[in-house]
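The chain is numbered in sequence order, starting from 1. One-based numbering, in listed order, for ligands and for the atoms of each.
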Amino acid sequence: MKFYIATDHAGYALKEFTKAYVSSLGHEVVDLGPDSDARVDYPDFAKKCADAVIADEGSFGILICGTGIGISIAANKVAGIRAALCHDAYTASATRAHNDANILCFGERVVGQGVVESMIDAFCATEFEGGRHAGRVDKIEACSLGANLG
Ligand code: RB5
């Protein structure tokens with residue numbers, strides 16, 4: 001799998017750990033910044049990662065801020081992005097299976113390194129189930145296009 005990863009300053013330290021873990025599993029990781037823990041605005045890095053995932057079909061993203069909340073909200077403003085704020089292996093697996101999530105988000109102030117490893121493992125091991133979930137995912141996209149869902 002190929003991952004684009006980005007954070008804000010509050011997720012910077014966990015980015016270094018996460019990159020090393022994802023690489024150790026044999027996946028490709030592209031670091032979109034920031035390059036230090038100097039203060040930045042999380043929407044800037046959410047957008048960089050979201051745009052990269054959309055431009056590179058089949059790729060995934062990882063976004064980290066202090067809580068994971070702001071950076072996931074921002075990423076989800078980009079059409080085609082399904083950025084999931086996860087807290088454990090269950091949510092990381094379920095969001096691949098049910099939501100076809102293409103960006104995994106979490107908070108450096110919320111989860112520890114062991115939980116990060118278990119979320120990455122679960123996210124990578126789980127395929128989208130399709131079926132009854134496919135129509136719901138289509139409706140997510142329709143929402144972002146302003147469609148009337150009826
Ligand atoms: C930065 O202090 C913090 O607000 C940010 O990392 C994130 O938690 C926002 O949702």
**Asked** Is there a donor in the side chain of Thr91 and an acceptor in the side chain of Asp88, or the other way round, less than 3.5 Å apart?
**Response** yes
**Item:** Proximity of Cys65 to ligand 1 by residue part, where a heavy atom lies under 4.0 Å
**Value:** both
**Asked** So, are Asp51 and Lys47 salt-bridged, with charged N and O less than 4.0 Å apart?
**Response** yes
**Fill in**
min-distance protein heavy atom vs atom 1 (C) of ligand 1 -> His9 NE2, 3.8 Å
**Request:** Using a strict 4.0 Å cut-off to heavy atoms of Gly66, name the atoms of ligand 1 that fall inside it.
**Result:** 5 (C), 6 (O), 7 (C), 8 (O)
**Prompt:** Quick check: does Thr67 get an N/O under 3.5 Å from an N/O on ligand 1?
**Reply:** yes
**Request:** Hey, can you tell me if Phe60 and Phe123 have their rings parallel, tilted or perpendicular (30° and 60° cut-offs)?
**Result:** perpendicular
**Asked** If every non-hydrogen atom of Lys139 is compared with every non-hydrogen atom of Leu149, which pair is closest and at what distance?
**Response** O-CD2, 4.0 Å
**Request:** Supply the atom-to-atom distance Asn102 CG to Tyr4 OH, rounded to the nearest 0.5 angstrom.
**Result:** 12.5 Å
**Distance, nearest 0.5 Å, that separates CD1 of Ile140 from CG of Asn76** = 8.5 Å
**Message:** Please state which option from Gly11, Gly70, Ser72 has its nearest heavy atom closest to atom 10 (O) of ligand 1.
**Reply:** Gly70
**Item:** Interatomic spacing from CG in Leu63 to CG in Leu104 - rounded to 0.5 Å
**Value:** 9.0 Å
**Protein residue, atom and distance nearest to atom 4 (O) of ligand 1, heavy-atom basis** = Tyr42 CE2, 4.5 Å
**Which of the ligand 1 atoms, numbered from 1, are nearer than 4.0 Å to a heavy atom of Ala10** = 6 (O)
**Message:** Applying a heavy-atom cut-off of 4.0 Å, say which part of Asp8 lies close to ligand 1: side chain, backbone, both or neither.
**Reply:** side chain
**Prompt:** Non-hydrogen atoms of Arg109 versus ligand 1: any pair closer than 4.0 Å?
**Reply:** yes
